[in-house]
Amino acid sequence: MGVGTSRYPEGRDRTMSRRTQPRIWAEEVKAHVGSGVRLKGWVHTVRELGKLVFVVLRDRTGTVQCKIRGQKEIAKQLEEEAAIELVGTVVEDPRAPEGVEVDVEELALLAKPVEPPPIQINRPLDLIGMRLETILNHRALSLRHPEIGSALKVRAEFIWAFREYLRSQGFLEVQTPKIVAAGTEGGTALFAVQYFERTAYLAQSPQFYKQMLVGAGYERVCEVGPVYRAEEHNTTRHLNEYISLDYEMGFIDDFREITRLETELLRFMFEHVERACPRELEIYGAELPKVPSEIPHVRLDEALSILETNYQKRCEGDLDPEGEKLLCEYAQERWGTEFVFVTHYPREHRPMYAMPSEEDPSLTNSFDLLYKGLEITTGGQRIHDYHMLVESIRSRGLDPEDFAFYLEIFKYGMPPHGGLAIGAERLTAQLLNLPNVRQASFFPRDRTRLVP
RNA sequence: GGGGGUGUAGUGUAGCGGCCUAACACGCUGCCCUGUCAAGGCAGAGAUCGCGGGUUCAAAUCCCGUCAUCCCCGCCA
């Protein structure tokens, strides 16, 4: 056995033999008892017991204990978080953590740490108690921590399932511009960017473009992409850049068609995450919610009176964060679900494209979806009538000329349509009970954070 | 935009007028150990207590400013 401090390119794997041995993942080791295996990964921990050394190797699939016998000088070169490659034999041993371990025959150092890592990634988070700031300052390294990185795996699986389900329902995945000419929806503040000789903005939402693509004949479109909000909020549930899961569908009968589809979509997404992320869910102690066949719909005015009657809680015009929590508590007790659609928001609280309600034109066919006390979706039916939309734009003191690019398709048979957007980080954070959405973002952007 | 906190070794904390020549845990360095798995034992290095000013015989500790950061509200996903 030998150790190589090999360095690309000239000395690469110089000391490693058995080049034909294919690499296996840490999680596959159990299936290779008695066989020679090659593993690559990071040194998770090193435990020296005199002439016996245990090295726990970590790769993208997990960890596996490896032992080095009678080669103390090799252990001396192993530092935590070094990238290594090893060849050995898988042996059964009841003393090993999983009943099996790798008896190392050869080991090569692929990359040696320049200095000890600033954060520990081989101990449970509750023992090392890093503050989020520290975790985010060392984001690439902290994501190596199995607990920290798991949240993003869950998010990735949510996103995969979002695409997969909508694809099965005839949706086309689209990409809309993130550099746009004007403040589309109004309301939220926009980031200005220099676009050659003009000022452009980062898109706060794909709203106009996904509607235009419905009208373009695709009928059903979805998008996974970043959106940008220049709001100076500094809370645990806001990011200035986040991933929006959008869909928009044409020829709907009413807005309930949108909430029905979201119900089925969410069920698919949660069931997929349950199958794909058992380890990650266990790490966070997350309980998969049962998505009911019909998520309760509560009109905003009803929601406000529910809060007042049952919780003596008064909200002015809209639900505040506490109101959202209480309403979800109510939904849990009353209907046994953590989800509730709040519908029929007043027009003045919704953008100009929101479709007025038939029974009360001061309200809209729009909704928010609350999950465990937090708003994770906003959606609704949109105005499809050209003249009505122009009028709505005017009534807000806006100039339809500025929206000509958007309005054009509405002149040529725009079908009844609607859609919604789910905040990917919020959905993930709520499932995993993360105290801060930043934990569900690879590299969060907030009021003060632009790096890394 | 408004309000409230917090800044002490790499990390997380304790200390909150003198007993601080700043403590503890993890990490780090060296030595010992063939069944560790939050390994253990012994020895050690590492902090002018965010920064600037002030009060005081004396400041990590009190005051002012500043910077950084966290949380809550508004608004939103």
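All heavy atoms count here, side chains included; hydrogens, waters and symmetry mates do not. Below, read A as the first sequence line, B as the second, and so on, with proteins coming before strands; counting in each chain starts at 1. Just so you know, these numbers come straight off a predicted model, no measurement behind them.
- A:Asn436 comes within contact range of the sugar-phosphate backbone alone, with a heavy-atom separation under 4.0 Å but no base atom that close.
- Distance noted for atom P between B:U11 and B:U69: 15 Å (whole Å).
- Considering only the side chain of A:Pro321, B:C75 comes nearest among B:U36, B:C75, B:A68.
- One can find a donor-acceptor pair under 3.5 Å joining the base of B:C76 and the side-chain atoms of A:Arg426.
- Using C1' as the reference atom, B:U61 and B:U56 are 13 Å apart when rounded to the nearest Å.
- The residue A:Gln430 sits apart from the nucleic acid: no heavy atom pair falls under 4.0 Å.
- Paired runs in RNA chain B that reach 3 or more consecutive Watson-Crick or G-U pairs, where each pair keeps both distances under 3.5 Å, cover B:1-7 with B:67-73, B:10-13 with B:23-26, B:28-32 with B:40-44, B:50-54 with B:62-66.
- A distance below 6.0 Å separates the ring centres of A:Phe158 and A:Phe270.
- With hydrogens and angles left out, the side chain of A:His238 and the base of B:C76 share a donor-acceptor pair within 3.5 Å.
- Taking 4.0 Å as the cut-off between side-chain N and carboxylate O, A:Glu101 and A:Arg69 do not count as a salt-bridged pair.
- Within 4.0 Å of A:Leu49, counting heavy atoms only, lies at least one base atom of the nucleic acid.
- Nucleotides B:C16 and B:U6, compared at atom P, are 15 Å apart to the nearest Å.
- A heavy-atom distance below 4.5 Å is found between the side chains of A:Leu307 and A:Leu319.
- The shortest distance between side-chain heavy atoms of A:Phe367 and A:Glu262 falls below 4.5 Å.
- The base of B:G2 is not paired with the side chain of A:Glu232 by any donor and acceptor separated by under 3.5 Å.
- B:C49 sits 11 Å from B:C20 when the C1' atoms are compared, rounded to a whole Å.
- For the pair A:Tyr247 (side chain) and A:Ile258 (backbone), a donor-acceptor distance under 3.5 Å is present.
- Using a 4.0 Å heavy-atom cutoff across all strands shown, A:Ala96 reaches at least one base atom of the nucleic acid.
- Nucleic acid contact for A:Asp93: base, since at least one base atom lies under 4.0 Å from a heavy atom of the residue.
- Of the candidate nucleotides B:C71, B:A38, B:U36, B:C71 has the atom lying nearest to any side-chain atom of A:Asn234.
- Nearest nucleotide to the A:Thr378 side chain, out of B:A77, B:C26, B:C71: B:A77.
- No contact: A:Leu374 has no heavy atom under 4.0 Å from any strand.
- When heavy atoms are screened at a 4.0 angstrom cut-off, A:Glu133 is found touching the sugar-phosphate backbone but no base atom.
- Listed candidates were B:C76, B:C72, B:C71. Nearest to the side chain of A:Arg229 is B:C76.
- Under 4.0 angstrom from either OP1 or OP2 of B:C72 there lies at least one side-chain N or O belonging to A:Thr236.
- With respect to A:Lys112 and A:Glu79, a salt bridge is recorded, a charged nitrogen being found less than 4.0 Å from a carboxylate O.
- Applying the 3.5 Å distance criterion, the base of B:U36 shares no donor-acceptor pair with the side chain of A:Glu48.
- Between A:Tyr353 and A:His417, the gap from one ring centroid to the other reaches at least 6.0 Å.
- Proximity of A:Arg350 to the phosphate of B:C75: no side-chain N or O atom is located under 4.0 Å from OP1 or OP2.
- Side-chain proximity of A:Phe54 to the nucleotides B:U36, B:G74, B:C75 is greatest for B:U36.
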Summarise protein proximity over nucleotides 9-15 of chain B in one line of letters, 5' to 3': B for base, S for sugar-phosphate only, - for none, counting protein heavy atoms closer than 4.0 Å.
-BSSS--
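- Out of B:U36, B:C71, B:C31, the shortest distance to the side chain of A:Lys76 is found at B:C31.
- Side-chain proximity of A:Tyr242 to the nucleotides B:U36, B:G74, B:A77 is greatest for B:A77.
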